[in-house]
Amino acid sequence: MTIDRRKFLKGAVATSVTAMLPLNWAFAQNRPAGMAPLDVSAVTWSKAEDIPSHFNVLNTSPLNAMPAEHLLAPAKTPADIAFIRWNGQMPDFESIDPDTWEFTVDGESIETPKTYTIAELKKKFKTHTQQLVLECGGNSRENFYPNAKGNQWSNSAVFCAEWTGVLVKDVLADCGVKSDAVYTAHYGADKHISGKGAAISRGVPIEAAMSENAMIAWGMNGENIPFMHGYPLRIVFGGRPGSVSQKCATGMGVRDRVHDGKKMGAPAYQVPKNPVAPGEKVDNKDFKIIEEMIVKSLITAPQTGGELTLGQSLEVSGHAWAGTRDVAKVEVSYDYGTTWQTASLTKPVNPMAWQQWKINVKLPQTGYYEIWARATDTKGDTQPMVQPQWNPKGYLFNGCHRVAVRVV
Ligand SMILES: Nc1nc2c(c(=O)[nH]1)N[C@H]1C(S)=C(S)[C@@H](COP(=O)(O)O)O[C@H]1N2
Ligand SMILES: [Mo]
């Protein structure tokens, strides 16, 4: 990073880095520039009012909040940075006892319904640890034009934490899955905002539940899952819309039909079956479920507003991910896509973890620049430069992320 740090620190970074400190950090002013605090699992708060100030809060009831994009720079997202999305009332976290918490497997297509405590899950099945990208289906919604209703997420409703737990497929096998199984059904402890019924209960095609990247997890980044991210037990699916990763999970059903739980019906988490014009109305019968997320990248450095002097090289870096696929290439442009340069790109630590890319660019003259990033996945799908297919609920935005800097 060769951008002038003093210039950066005068601006937005200085406030956000200080604001994100989990504790009163002694001698923080002496740390090397830009050094982030270790994750001390500061996410023990349980009420919307207590949300740390580094979050941009979109709503408090239900609570929806996101960090600034540059805070997502670490390859493994610290728990206290990850965006927070609730569809209804949060559970009463303080009253949760992890020792008596139960997870029930049932449904038409399960041979022997069973209930497990967390201790039983830990004892009976092999423990797995892996990093998985969790992205809200509506991440980047604010970029759609015309504007789509819903939480106006910037590009930070995505994170890649490390989860520890058991595989969904091992637990389902223990209960026996009938040959007529079609879909899973996910259940959690939180209530609809009215206090009546479930806030959300989504599912995935049974094949997805049989993958190596579908977990029932009790750990996030080596610690208990913090309240906000689904304490004490969470279903986590890599590569799929975040809404299927049920927090505070009380069970999973295996259905002989597409699950019909809360927010499974159109238009929630669905897109039109056929392309529509921007702004067009779509009948509920003409929607289809979003099963997988798509290729995308995020620039975490530099931040918009950075300045450098002519001749300095600029390191541009970030992450890229592609639903259930790997990313094959990331390119960067500083001339609105006229020319592209290929960035170096890491392999994912495991399938469905995001990949890190970086590149040094030399900006040829003084003035204002936009830096654009574009990822391509292993099937050849690439990010559109402007907006992808518009849809009424504003899902799956994967247009190129851009930041602006100035050469002086
Ligand atoms: N129990 C429960 N699980 C839930 C939700 C919810 O409202 N309740 N929201 C879902 C949605 S839409 C998303 S995008 C992710 C957000 O996960 P996070 O809050 O850990 O970022 O959780 C999913 N799991
Ligand atoms: Mo979501």
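For ligands, and for the atoms within them, numbers begin at 1 and follow the listed sequence. Excluded from the calculations below are hydrogen atoms, water molecules and symmetry mates; all remaining heavy atoms, backbone and side chain alike, are included.
With hydrogens left out, the protein atom closest to atom 19 (O) of ligand 1 is K247 NZ, 2.5 Å, a heavy atom. Protein heavy atom nearest atom 10 (C) of ligand 1, with residue, atom name and distance: S243 CA, 3.7 Å. Among protein heavy atoms, the minimum distance from atom 7 (O) of ligand 1 is reached at N87 N, 2.7 Å.
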Go through D106 and K114 one step at a time and tell me if the salt bridge (charged side-chain N to carboxylate O under 4.0 Å, His left out) criterion holds. CA-CA 7 Å; D106 58 12; K114 288 187 186 177; over 6 Å; no
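Applying the 4.0 Å criterion to heavy atoms of F83 picks out, from ligand 1, the atoms 14 (S), 16 (C), 18 (P), 19 (O), 21 (O). Near I84, meaning under 4.0 Å from one of its heavy atoms, ligand 1 places the atoms 19 (O). Close approach of ligand 1 to D190 (heavy-atom distance below 4.0 Å) involves ligand atoms 1 (N), 2 (C), 6 (C), 7 (O), 8 (N). Per-residue contacts place W86 under 4.0 angstrom from the following atoms of ligand 1 (heavy atoms of the residue considered): 7 (O), 8 (N). Set against the non-hydrogen atoms of I200, the atoms of ligand 1 under 4.0 Å away are 2 (C), 5 (C), 6 (C), 7 (O), 8 (N). Residue C136 has at least one heavy-atom neighbour below 4.0 Å for each of these atoms of ligand 1: 14 (S). Taking every non-hydrogen atom of H229 and a distance limit under 4.0 Å, the qualifying atoms of ligand 1 come out as 18 (P), 19 (O), 20 (O), 21 (O).
Geometrically, R234 does not engage W218 in a cation-pi contact defined by less than 6.0 Å to the ring centre and at most 45° from the axis.
Taking the salt bridge (Lys or Arg N to Asp or Glu O under 4.0 Å) definition, one finds that E102 meets it with nothing, sequence neighbours left out.
At a 4.0 Å heavy-atom cut-off, ligand 1 touches R234 through the side chain alone. Contacts between Y269 and ligand 1, counted as non-hydrogen atom pairs separated by less than 4.0 Å, involve the side chain only. If you look at C248 next to ligand 1, there are no close heavy atoms at all, none under 4.0 Å.
The closest side-chain donor-acceptor pair between R325 and T378, if any, does not fall under 3.5 angstrom. Side-chain contact, Y116 with D174: a donor N or O sits under 3.5 Å from an acceptor N or O. Side-chain atoms of E69 and N155 include a donor-acceptor pair closer than 3.5 Å.
Closest to atom 13 (C) of ligand 1 by heavy atom, among A199, P91, G242, is G242.
Ring planes of F237 and H186: parallel class, angle under 30° (limits at 30 and 60°). In this pair, W321 and W354 present their aromatic rings tilted. The plane angle is within the 30 to 60° band. Using cut-offs of 30° and 60° on the angle between ring planes, the pair Y231 and F227 is perpendicular.
Residue contact check for ligand 1: S245 places a non-hydrogen atom closer than 4.0 Å to it.
Separating the NZ atom in K347 from the CD atom in Q356 is a distance of 13.0 Å, to the nearest 0.5 Å.
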